Protein chains: 2
Amino acid sequence: MKKVTINDVAKHAGVSKKTISRVLNNELNVSPDTKVKVQNAFDALGYRPNQQARALASNQSFLIGLVYANLYNSFVSKIQSGALERCKADGYNLIIYPEDHESDYLLTNLERGLISANLDGIILTPPFSDMKPLLDFLTTKRIPTIRIGGDVQITTTPSVYSNDAEASYEMCRYLVSLGHTNIAIIMGHPDHAASHERLLGYQRAMEEAGLPIQDDYIQQGYFSFESGENCARKLLSLNNRPTAIFASNDYMAAGIVKVATQKNLSIPNDLTVTGFDNAPASRYIWPSLTTIKQPITEMADEAVRMLIRGIRNKPLENRTITFKDELIVRESSAPAPKINFIT
Amino acid sequence: MKKVTINDVAKHAGVSKKTISRVLNNELNVSPDTKVKVQNAFDALGYRPNQQARALASNQSFLIGLVYANLYNSFVSKIQSGALERCKADGYNLIIYPEDHESDYLLTNLERGLISANLDGIILTPPFSDMKPLLDFLTTKRIPTIRIGGDVQITTTPSVYSNDAEASYEMCRYLVSLGHTNIAIIMGHPDHAASHERLLGYQRAMEEAGLPIQDDYIQQGYFSFESGENCARKLLSLNNRPTAIFASNDYMAAGIVKVATQKNLSIPNDLTVTGFDNAPASRYIWPSLTTIKQPITEMADEAVRMLIRGIRNKPLENRTITFKDELIVRESSAPAPKINFIT
DNA sequence: TCACGGGCTGACACCGGTGTCAAGTGGTTT
DNA sequence: AAACCACTTGACACCGGTGTCAGCCCGTGA
């Protein structure tokens, strides 16, 4: 029941272990005859190369790291599964690093983990995508890194991102097209570049539509359900209550729905609520949420492709790939209530 | 910028590399003086041992595999983060294997992945926890394995599980205590042992309460939101409509809430809906769901502890550890509507 | 005929650690 | 003083692969 090693295969096939290695790695200049012999030996013995030995000898680990803040975020789980699929397909494994982005020991922790695992590359998700010290650290360590969904202003490290400002702009144009004029926004966590992008899109749409932006229509949320509830309570008790609230993610939108329902406001008749992210919950709650769908899986796939390409023929090309988000209209949005026009 | 190896440290500290290795592994019989010298060398050079080299030499990979079916399931994400935390704390990394449990190539796929990664141990989540061929395969390969939340009848492999039958029993007793007599259940996916456990608890509680169990009050769901909707539509169009529906997970419960709301039934006044799992969505939807909370993180933690203990001083002890679930009452449950008593 | 070059193969060192075993040191027992 | 033992340390082989380089074979052109 001992493990089958390259030596066993070599003996069985009657060639040197170097030749086995050649076949294993699809190297050139192996005669078809030997190749067949070796393949047969593989099958006969059920040989599986030892990853760690390969790693040690070739100075590659076939390991990619994914750094994220919180798995319960649907964005992150989709990134994880998208990245994972690509990794496995290309013979890599994914090692995940949930980290606290506010911890003082972040760099120390990551260093210990990353260095000893000998990662071939790293994927950074928000808010890590924008942490300068971390990016600098990875650069000096020369670890190929790709950022997902971060600040496009940062151009030192390649990134894959979707145009949130654009999507947010479209969402607000959609709300305007429904006749809404009192449109509020609940921002996301300030540490995430996406939060600002989403605000930007809102501001642009409002200006273009010639609608005034009231200060108290812009609330600071933190991407959590509870922060959505809190902001909703504030917004819905304003004298000039908004007829539409655009939350920067779906969890906060769910918070709005809860508060509004408790206040006996009917959604979408009395109040339009929209979200962002197309989280599973956006379909589960009632009414289902009008939201923005980011091509997350595709982004993760592309990120891993770029990373692996960079690992194979270094250096990693330093570009930013932009994906387009999509507006998904469901049941939480409707034309502005008439009352508004009467008053 | 070359990597610091054990040789560099040995030279710097003026001892042999074997001694460095001793300090690294906290072996006995290293004099305090040398230990200090070596520690200083570690700090001075910023040495991080190479995992792959350790793995190769010591025939341990410090890698644990987690096999699951679907990350979007909140159960699985909680398992993942619980397991991960324990792994990192003990110096292990977690490698994740999302697999299709209905695929014909399951074993082949897993074999390729598992064997070449040299996993030290494996964690199986439902429905893999109950797949005999898989368990047999892992047994013959002598890979330490632990099952989470599977069928307790299977005693060939150790497991960690929470008593779903018991929890389901308590949930139904709670519903009975609210005065409900027409209680329906939506079952989970038949491939999951938990689905049967949950049905069992329901049946026991109904019998004990002297309530008849009608065939059409038992609906077959599949753990998905949509299956919840479908079953709800059937249940709510019955002549003797139930006043309480117990769904075997929260996603299906959310589906019931949607269908009921569309039919203008008010929850919980006209209809009580309860779920299972305490998924994040159970708090996000309105009304928030009365549900069952499993101590998932603790279970995952314990599973990893057992596994690592088994890896260190083999063999892995073959026992089943049982955790207790907890009933969480929220806003989706209320006393049975009076009408019921009048008719 | 000989020099040359490309295709194919194997010997051997090496990657960075750990396991085994032998040896040196100093204290205790007889 | 000799024998013994526990503690500490290092030399060296080894884990299972890959990189380097030399050598062989055979076809081609001079």
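Chain A is the first sequence line, chain B the second, and so forth, proteins listed ahead of strands; every chain is numbered from 1. Fair warning: this is a prediction, and the values are worked out from it, not measured in the lab. What you see below is based on every heavy atom in this structure, not just the backbone, and it leaves out hydrogens, waters and symmetry mates.
- In this structure, CD1 of Ile115(B) is placed 13 Å from P of dG17(D), rounded to the nearest angstrom.
- Counting to the nearest Å, the P atom of dG17(D) and the CG atom of Leu45(A) are 12 Å from each other.
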message: Let's go through Ser74(A) and Ser77(A) carefully: what are the C-alpha distance in whole Å and the side-chain angles of both, what is the deciding distance for side chain to side chain donor-acceptor pair (under 3.5 Å) to 0.1 Å, and is it a yes or a no?
response: CA-CA 5 Å; Ser74(A) 79; Ser77(A) 16; 5.8 Å; no
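- Listed pair Asn29(B) / dT8(D) meets the phosphate criterion, a side-chain N or O lying under 4.0 Å from OP1 or OP2.
- At a cut-off of 3.5 angstrom, the base of dG19(D) holds no donor-acceptor pair with the side chain of Arg22(A).
- Ile20(B) has its CD1 atom 17 Å from the C1' atom of dG19(C), to the nearest Å.
- You'll find that the side chain of Lys18(A) is closest to dG10(C), out of dT18(C), dG16(C), dG10(C).
- A sub-4.0 Å separation between OP1 or OP2 of dT9(D) and a side-chain N or O of Thr34(B) is present.
- Distance from the side chain of Leu56(B) is smallest to dG16(D) among dG16(D), dT9(D), dG10(C).
- The side chain of Tyr47(A) lies closest to dG17(D) when the candidates are dG17(D), dG19(C), dG17(C).
- Atom pair Asn118(B):CG and dC15(D):C1' shows a separation of 11 Å (rounding to whole Å applied).
- Contact between the side-chain N/O atoms of Thr19(B) and the OP1/OP2 oxygens of dT9(D) is not found at any separation under 4.0 Å.
- Contacts between residues 9-17 of chain A and DNA chain C, defined by a heavy-atom separation under 4.0 Å, are made by Val15(A), Ser16(A).
- Not counting sequence neighbours, Glu85(B) has no partner by the side chain to side chain contact (heavy atoms under 4.5 Å, CB included) test.
- For Asp100(B), the CG atom is densely surrounded, since the number of other residues' heavy atoms within 6.0 Å is greater than 12.
- Nearest heavy-atom pair across His192(A) and Pro126(A) is ND1-CB, 3.5 Å.
- Summarising the geometry, the separation between CZ on Arg54(B) and C1' on dC15(C) is reported as 16 Å, rounded to the nearest angstrom.
- Note on Asn50(B): only backbone sugar-phosphate atoms sit closer than 4.0 angstrom, heavy atoms only; bases stay farther off.
- At whole-Å resolution of the value, CG in Asn59(B) and P in dA13(D) are 21 Å apart.
- The phosphate of dT8(D) (OP1 or OP2) has no side-chain N or O of Ser31(B) nearer than 4.0 angstrom.
- Residue-level contact check: Asn25(A) touches the backbone only, with heavy atoms under 4.0 Å from sugar-phosphate atoms and none from bases.
- Toward the 5' end of DNA chain D, the nearer of the two residues Ser58(A) and Leu28(B), judged by each one's closest nucleotide, is Leu28(B).
- By the 4.5 Å heavy-atom criterion applied to side chains, Tyr97(B) and Leu114(B) are counted as neighbours.
- Atom CD1 in Ile6(A) sits about 8 Å away from atom C1' in dT18(D), given to the nearest Å.
- The CD atom of Gln294(B) lies 8.5 Å from the CD1 atom of Ile79(B); values are rounded to the nearest 0.5 Å.
- Here Asp90(B) pairs with Arg86(B) in a salt bridge; the nearest charged N to carboxylate O distance falls below 4.0 Å.
- None of Asp130(A), Thr157(A), Thr320(A) except one satisfies the side-chain hydrogen bond (donor to acceptor under 3.5 Å, both in side chains) rule with Arg147(A); the exception is Asp130(A).
- Glu27(A) places its CD atom 14 Å from the P atom of dG7(C), with the value rounded to the nearest Å.
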